[in-house]
Amino acid sequence: MNFFPVFLAVEEAVPQSSSAALVSMLITFVPILLVFYFFIIRPQKKREKEDKEMRESIVIGDEIVTIGGIIGLVVRQNDDTLVIETGGDRSKLRIQKTAVKENITAMERIQAAAAAQKNSSPAEVSDKKNKKSEK
């Protein structure tokens, strides 16, 4: 089915000036660009920033996971490379920092801090109530 003659008939029936065409095109494309920005570009930049911060926070003694799935302990660190120790036979691998997928030690610290904060809040509230009741 060929719709080209229908489009020609519509264009002839409703003549538009060039400024009206420009405005209608902007009304169409601006929301599309905003959707792309908020659903694709912005979250990607946020993830890249978090990954960069995670890689910069790696210290000797941290347990990491590489993109390839290798789990190891950081034993030496340079500007752009890490030496990790893996396995029971203490074999060492030299990898680039960009190959690090996750810092397990840092994640454990964050979870422990969140758990400690969550657990300490109700206890502090109950201690305050007990002190008020003693007075």
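All values derive from a computational prediction rather than experimental measurement.
- Both M25 and I32 are assigned to one and the same hydrophobic cluster, defined by single-linkage of ILVMFWY side chains at heavy-atom distances under 4.5 Å.
- Under the 4.5 Å side-chain criterion, counting only non-hydrogen atoms from C-beta, M54 is in contact with V100.
- Annotation: Q96, atom CD; neighbour count of heavy atoms from other residues, nucleotides and ligands within 6.0 Å does not exceed 12.
- The CG atom of L73 lies 10.0 Å from the CD1 atom of I60; values are rounded to the nearest 0.5 Å.
- In the hydrophobic cluster analysis, where Ile, Leu, Val, Met, Phe, Trp and Tyr join through side-chain heavy atoms closer than 4.5 angstrom, F38 is grouped together with V30.
- Contact annotation: the side chain of R42 never approaches that of K46 to less than 4.5 Å [non-hydrogen atoms, C-beta and beyond].
- Residues I84 and I64 meet the side-chain proximity criterion, which asks for heavy atoms closer than 4.5 Å.
- D51 pairs with exactly one of R55, E53, K49 by the side-chain contact (heavy atoms from CB on, under 4.5 Å) rule, that one being R55.
- A pairwise comparison of heavy atoms in P31 and L26 identifies CD-O, 4.0 Å as the closest pair.
- Remark: D89 CG is packed, more than 12 non-hydrogen atoms of other residues, nucleotides or ligands lying under 6.0 Å away.
- One hydrophobic cluster, built from ILVMFWY side chains closer than 4.5 Å, cannot hold both L33 and V35; they sit in different ones.
- Under the 4.5 Å side-chain heavy-atom criterion for ILVMFWY residues, no single connected hydrophobic cluster contains both L22 and I27.
- Rounded to the nearest 0.5 angstrom, Q44 CD and Y37 OH are separated by 13.0 Å.
- Counting only residues at least two apart or in different chains, side-chain hydrogen bond (donor to acceptor under 3.5 Å, both in side chains) contacts with residues 62-75 comprise D62-N103, D62-R109.
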Tell me, with the steps shown, if I67 and T98 meet side chain to side chain contact (heavy atoms under 4.5 Å, CB included). CA-CA 9 Å; I67 293 171; T98 55; over 6 Å; no

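- Between the side chain of Q77 and the backbone N or O of I58 there is at least one donor-acceptor pair closer than 3.5 Å.
- Between I70 atom CD1 and T86 atom OG1 the span is 7.0 Å, to the nearest 0.5 Å.
- Shown here are the salt bridge (charged side-chain N to carboxylate O under 4.0 Å, His left out) partners of R76, two or more places apart in sequence or in another chain: there are none.
- Every side chain to side chain contact (heavy atoms under 4.5 Å, CB included) that I40 has, sequence neighbours left out, goes to F36.
- Between atom CG of residue L34 and atom CZ of residue F39 there is a gap of 10.5 Å, rounded to the nearest 0.5 Å.
- One distance of note links CG of D80 with CD1 of I95; it measures 11.5 Å at 0.5 Å rounding.
- Distance CD/E102 to CD1/I71: 9.0 Å, rounded to 0.5 Å.
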